[in-house]
Amino acid sequence: MYAMVDCNNFYASCERVFRPDLATTPIAVLSNNDGCVIARSAECKQINLPMGMPTFKAQSLIRQHSVKVFSSNYALYADISSRVMSVLEEMAFDIEVYSIDEAFLVISEQANQSFEIQGQTIKKRVNQYCGMPVSVGIAPTKTLSKLANYAAKKYTKAGGVVDLSNPERQRNLMALTPVGEIWGIGRNMKRSLNALGVQTALDLCDAPVKELRKRYSVLLEKTINELRGIPCIDLELESPAKREIVCSRSFGHKVDSVDEMAMAISSHVERAGKKLRKEQRLTSSISIFIRTNRYAEQSQQSRPSATMQLFSPTNDTSELNQAAQRLLKRIWQQGFAYQRAGVMLHGLVDPQNLQYELFHSEQAERSQRLMGVMDQINQRYQNTMCYASTLPTKQHNGWLMRREHLSPAYTTRWADLLRVS
DNA sequence: TCTGGGGTCCTAGGACCC
DNA sequence: TCTGGGGTCCTAGGACCC
């Protein structure tokens, strides 16, 4: 049986772990750059502060209800996440860490321990060990366990745990659930299915599977079978190698100078290079893109991008940056106020399987050593080394991210350690 | 006069997920 | 004034192979 464990309002709950004084205060967490609302505590949902609302539009609601606002603190969330996951690991035969706040556990029937009780135990222990509230949904397929989890959150009577091992209960719940709530049914599919008369999850479960596969895709077929209790989506025990890497950011202020854009691109390249080496991959091509603000409909839009195949696959930041800067020169258009830039790496290859170019040089080996040393130092001394091209200056710092409501890195920085007096 | 049958690989675009 | 940042998978169509 699968137990889908999902943290409740994860980012908002993380901000509460070291702030018990905020236990009943409405909390909102903002996206990078403090742009919009991406997580809300239960109290915050109650006052109808919508998900995704731009921060400036949410201001009056925030003031009116004294909402405590936080910039996103990914160092904190990632650390809390790994604590939660290691507690879960000990309670399951197998575990798939599905996202920063969710995991599928494999559990089985045990003497005098119904699934319901096992779910309650999981919930209690994560809360006790990590201070994190979770909901648990239990069912024979991943899709049904997501549905059970949805119910555990939605129906407070359930006490945070729903056991959906019984087929009759499955059908009863599906009859109450709009089809758009099913894992794998997004906005477009929902609209399309509704037009065919499929309104609830149960409608979909009982729909003609062959026809729908033909009309849509094999993915929908799998979803339907999973609703019927036939497992089609396997547990992924180890995360598959990445196929692409994307690093992008919006700017704190609009950027209209090519020098400033070059710094932003450099810094994205540097992050992308780190990720690439952490994955132990080389990239065979690099793209960059820059964009104006798509919401500013009255102003001129520009969103150019360009790609370059590399002479031979690499993970050397300087090499990648040289390529990126050439691409920037190619696409730069003066006279626009850019809002965002990004770097993408694709065609990632395993160096073990690499066919080296004919003139594979000593230079390449030196660069490997250099990257290795930089990564080691940065790991040991928290990002103390970087390329000069990424250092903000007095004239050029508008591209830096805004984070005006950042909480301390309670668990990952000595200086931010909580003090009790 | 009549012109087969079976594949792979790549890319772009769309849909989905968190 | 101010609207996030990642990812994956599937399909269709074109180019190419024998």
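Reminder, nothing fancy here: chain letters follow the sequence lines and each chain counts from 1. Please read these numbers as outputs of a predicted model, since none were measured by experiment.
- A cation-pi arrangement is absent between K214(A) and Y216(A), since the terminal nitrogen or guanidinium carbon is not both under 6.0 Å from the aromatic centre and inside a 45° cone about the axis.
- At least one donor-acceptor pair closer than 3.5 Å links the side chain of D416(A) to the backbone N or O of A409(A).
- Listed by residue number, there are no residues of residues 197-226 of chain A with a heavy-atom contact under 4.0 Å to DNA chain B.
- A cation-pi arrangement is present between R291(A) and F289(A), with the terminal nitrogen or guanidinium carbon under 6.0 Å from the aromatic centre and inside a 45° cone about the axis.
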For DNA chain C, produce a single dot-bracket line, 5' to 3'. Pairs: Watson-Crick or G-U wobble, both distances under 3.5 Å. Symbols: ( ) within strand, [ ] crossing, | other strand, . unpaired.
....||||||||||||||
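- For dG4(C), the OP1/OP2 oxygens have a side-chain nitrogen or oxygen of Q339(A) closer than 4.0 Å.
- In the displayed structure, Q59(A) atom CD is contacted under 6.0 Å by more than 12 heavy atoms of other residues, nucleotides or ligands.
- With DNA chain C read from its 5' end, the first of the two nearest nucleotides for K242(A) and Y295(A) is the one closest to Y295(A).
- The list of side chain to side chain donor-acceptor pair (under 3.5 Å) pairs with a residue in residues 22-39 of chain A, not counting sequence neighbours, reads D34(A)-S71(A).
- Residues from residues 28-41 of chain A with heavy atoms under 4.0 angstrom of DNA chain C, sorted by number: S31(A), N32(A), G35(A).
- Below 30°, between 30° and 60°, or above 60°: for W183(A) and F104(A) the angle between ring planes is between 30° and 60°, a tilted geometry.
- Side-chain N or O atoms of N225(A) include none that pairs as donor or acceptor with a backbone N or O of G229(A) at under 3.5 Å.
- Residue R249(A) has a polar side-chain atom (N or O) positioned under 4.0 Å from OP1 or OP2 of dG6(C).
- Side-chain atoms of N378(A) come within 3.5 Å of backbone N or O of T384(A) as a donor-acceptor pair.
- By the side-chain contact (heavy atoms from CB on, under 4.5 Å) test, D259(A) is found to be paired with S257(A), H396(A), residues two or more places apart in sequence or in another chain being considered.
- Taking the six-membered ring where the residue is Trp, the centroids of W399(A) and Y338(A) are separated by 6.0 Å or more.
- In this structure, the side chains of I107(A) and I138(A) come closer than 4.5 Å at one or more pairs of heavy atoms.
- Of the residues in residues 178-194 of chain A, I182(A), W183(A), G184(A), I185(A), G186(A), R187(A), N188(A), M189(A) come within less than 4.0 Å of DNA chain B through at least one heavy atom, sorted by number.
- When the side-chain contact (heavy atoms from CB on, under 4.5 Å) test is applied to K154(A), the partners found at least two apart in sequence or on another chain are Y150(A).
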Polar atoms only, N or O, under 3.5 Å: list the protein pairs with nucleotides 13-17 of chain C and their distances.
none

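- If you check residues 53-73 of chain A against DNA chain C, the residues with a heavy atom closer than 4.0 Å are P54(A), F56(A), K57(A), listed by number.
- Considering only residues two or more places apart in sequence or on other chains, T141(A) meets the side-chain contact (heavy atoms from CB on, under 4.5 Å) condition with T143(A), L144(A), E226(A), P231(A).
- Looking at N73(A), V29(A), V69(A), T55(A) one by one, the single match for side-chain contact (heavy atoms from CB on, under 4.5 Å) with H405(A) turns out to be V69(A).
- Using a 4.0 Å cut-off on heavy atoms, the residues of residues 74-105 of chain A that approach DNA chain B are Y98(A), S99(A), D101(A), E102(A), listed by number.
- In this structure, the side-chain contact (heavy atoms from CB on, under 4.5 Å) partners of E102(A), at least two apart in sequence or on a different chain, are M4(A), D6(A), Y98(A), S99(A), K146(A).
- Here the side chain of E270(A) pairs a donor or acceptor atom with the backbone of Y387(A) at under 3.5 angstrom.
- Within a 6.0 Å sphere centred on CD of Q301(A), heavy atoms belonging to other residues, nucleotides or ligands number more than 12.
- Heavy-atom nearest nucleotides on DNA chain C were determined for F251(A) and for R243(A), and the one closer to the 5' end corresponds to F251(A).
- Using a 3.5 Å distance cut-off with no hydrogens or angles, the side chains of N321(A) and Q325(A) do pair a donor with an acceptor.
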